[in-house]
Amino acid sequence: MTLGNDFAGTIVAVGERVTAFAVGDRVYGVKPVSRDGSHASHVVANAACARKAPAHSSAQDLAALPYGFITMWLAARAAGLTRENAAGKKVLVHGASGGLGTLALQTLSAWGARVTAIAKASDFSACRKAGAVEVVDRTQNPFAGLRGEFDATLNFATWDDEAALLSCLREGALGHATTLHPLLQNFDEAGWVGGAIRTLNQKREMRKRLPKGARNYAWVLFRPEAEALSEMARLAELGRLSLPIGTRTPLREAAEAFAHVRRRPAGRTLLIP
Ligand SMILES: NC(=O)c1ccc[n+]([C@@H]2O[C@H](COP(=O)([O-])OP(=O)(O)OC[C@H]3O[C@@H](n4cnc5c(N)ncnc54)[C@H](OP(=O)(O)O)[C@@H]3O)[C@@H](O)[C@H]2O)c1
């Protein structure tokens with residue numbers, strides 16, 4: 001099995017029916033979850049899951065974007081937010097200094113939303129730079145002053161705060177989505193049937209906490225999504241998306257890169273062939 005979803009690089013061969021790309025194009029994209037991942041010197045990818053790299057960009061750094069962007073975009077959409085309706089909406093992002101959180105601040109602010117970021121005080125300036133109009137210290141009882149204020153809430157931080165985030169939605173809000181949920185753990189611990197029942201019950205309990213008239217409550221799982229990739233490519237072309245790269249490690253030292261990531265360093269980690 002080869003791990004990895006994201007990739008970036010230069011095309012060395014194209015399939016017979018591929019018209020959008022040619023040998024020599026610089027591209028980035030994502031592979032679906034499978035045994036045939038992207039932590040490799042050469043990757044076979046579906047053309048629908050690749051986009052051309054903007055001319056001004058470092059092609060390697062673009063590899064940090066697709067998986068996180070798609071997951072963030074799926075969460076925004078599941079909460080009810082789209083590029084078309086986001087302008088003026090008040091959105092609360094928990095885990096705002098992380099990868100998904102930073103991409104959410106960059107994207108939602110580009111869409112015209114007014115985003116409040118929950119993060120550590122030392123990350124406030126990065127959150128503001130990424131597009132937050134307000135920042136709230138995650139260590140100072142963050143939810144107390146935010147109840148009933150938001151059109152949408154996004155949880156990229158911790159399942160423990162799920163209920164507190166729902167209390168921040170206003171009546172008639174669009175909704176909430178989380179990328180941190182116990183779905184896979186439920187199936188691991190209780191099997192397919194028991195896991196499904198546990199999941200339905202937990203979602204029902206959380207849904208009950210939505211304020212009156214709020215529409216959406218969702219647990220998000222990554223999957224390749226062409227519409228999200230196109231929006232990522234559009235924003236990257238405009239120079240609106242980037243994630244700090246903390247480490248670049250040669251592919252032959254991938255094991256060390258994984259050990260490094262477990263120590264939770266700042267920035268994303270790239271594997272370089
Ligand atoms: N469901 C899916 O398919 C899917 C896909 C991608 C990611 N995810 C999950 O989504 C989450 C976000 O991904 P990511 O790549 O953005 O991760 P990340 O870069 O590690 O960011 C996580 C963020 O959450 C904050 N955080 C962590 N624990 C917290 C806590 N107890 N209280 C408050 N804030 C906390 C961190 O803040 P500090 O830096 O201040 O600690 C950081 O800002 C991860 O848990 C990841 O596993 C799920």
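As the structure lists them, so they are numbered: ligands from 1, and atoms in each ligand from 1.
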Hey, does [X] come in under 3.5 Å of ligand 1, counting only N/O atoms on both sides?
X: Leu221; result: no
X: Lys120; result: yes
X: Arg138; result: yes
X: Thr179; result: yes
X: Arg268; result: yes
X: Gly99; result: yes
X: Ser97; result: yes

> In terms of heavy-atom contacts, does CZ of Arg252 have more than 12 from other residues, nucleotides or ligands at under 6.0 Å?
Replying inline: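 It does not: Arg252 CZ has 12 such atoms or fewer within range.
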> Is atom CZ of Arg114 surrounded by more than 12 heavy atoms (other residues, nucleotides or ligands) closer than 6.0 Å?
Replying inline: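 Not buried by this count: 12 neighbours or fewer within 6.0 Å.
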>> For residues Leu271 and Tyr28: do they belong to one hydrophobic cluster (side chain heavy atoms under 4.5 Å, members Ile, Leu, Val, Met, Phe, Trp, Tyr)?
In response: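 They do not share one cluster, since no chain of ILVMFWY contacts under 4.5 Å joins Leu271 to Tyr28.
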>> Do Leu166 and Phe150 land in one hydrophobic cluster if side-chain heavy atoms of ILVMFWY residues count as linked below 4.5 Å?
In response: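 Different clusters: Leu166 never reaches Phe150 through Ile, Leu, Val, Met, Phe, Trp or Tyr contacts under 4.5 Å.
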> When you measure from the side chain of Asp6 to the backbone N and O of Tyr67, does any donor-acceptor pair fall under 3.5 Å?
Replying inline: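 Present.
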> Between the side chain of His94 and the main-chain N/O of Thr158, is any donor-acceptor distance below 3.5 Å?
Replying inline: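 Side chain of His94 to backbone of Thr158, a donor-acceptor pair under 3.5 Å: no, none is there.
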> Hey, are Glu256 and Arg263 close enough for a salt bridge, meaning a charged N less than 4.0 Å from a carboxylate O?
Replying inline: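 The answer is yes: the pair qualifies as a salt bridge.
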>> Whether Glu231 and Arg234 form a salt bridge (side-chain N of Lys/Arg under 4.0 Å from carboxylate O of Asp/Glu) is what I want to check.
In response: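 A salt bridge is present here (some side-chain N lies under 4.0 Å from a carboxylate O).
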Where is the nearest protein heavy atom to [atom]: which residue, which atom, and how far?
atom: atom 32 (N) of ligand 1; answer: Thr158 CG2, 3.6 Å
atom: atom 29 (C) of ligand 1; answer: Ala157 O, 3.8 Å
atom: atom 21 (O) of ligand 1; answer: Gly98 CA, 3.2 Å
atom: atom 6 (C) of ligand 1; answer: Tyr67 CE2, 3.5 Å

> Say you draw a straight line from CH2 of Trp219 to CD of Glu162; how long is it, rounded to the nearest 0.5 Å?
Replying inline: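 CD of Glu162 is found 8.0 Å from CH2 of Trp219.
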> Can you name the one residue among Val93, Thr102, Leu105, Val133 that meets side-chain contact (heavy atoms from CB on, under 4.5 Å) with Cys127?
Replying inline: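 Answer after filtering Val93, Thr102, Leu105, Val133: Leu105.
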>> Once you restrict to heavy atoms under 4.0 Å, what part of Val220 touches ligand 1? Side chain, backbone, both or neither.
In response: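 The answer is the backbone.
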> Does Thr71 approach ligand 1 within less than 4.0 angstrom via side chain, backbone, both or neither, non-hydrogen atoms only?
Replying inline: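 The side chain, only.
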>> As a quick check of understanding, evaluate side-chain contact (heavy atoms from CB on, under 4.5 Å) for Lys90 and Arg170, giving each step before the final call.
In response: CA-CA 10 Å; Lys90 286 190 74 178; Arg170 65 169 177 80; over 6 Å; no
Please identify which atoms of ligand 1 are closer than 4.0 Å to at least one heavy atom of [X].
X: Phe222; value: 2 (C), 3 (O)
X: Gly95; value: 23 (C), 24 (O), 25 (C), 43 (O)
X: Phe156; value: 11 (C), 12 (C), 22 (C), 23 (C), 24 (O)

> So Gln106 and Phe69, side-chain contact (heavy atoms from CB on, under 4.5 Å) or not? Walk me through it.
Replying inline: CA-CA 10 Å; Gln106 293 170 348; Phe69 185 90; over 6 Å; no
> So is Trp219 in contact with ligand 1, going by heavy-atom distances below 4.0 Å?
Replying inline: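 Not so, Trp219 does not reach ligand 1.
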> Does even one non-hydrogen atom of Arg264 get within less than 4.0 Å of ligand 1?
Replying inline: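 Arg264 counts as a contact of ligand 1 under the 4.0 Å cut-off.
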> With respect to atom 45 (O) of ligand 1, which of Leu100, Val93, Leu180 exhibits the smallest heavy-atom separation?
Replying inline: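 Of the listed residues, Leu180 has the closest heavy atom.
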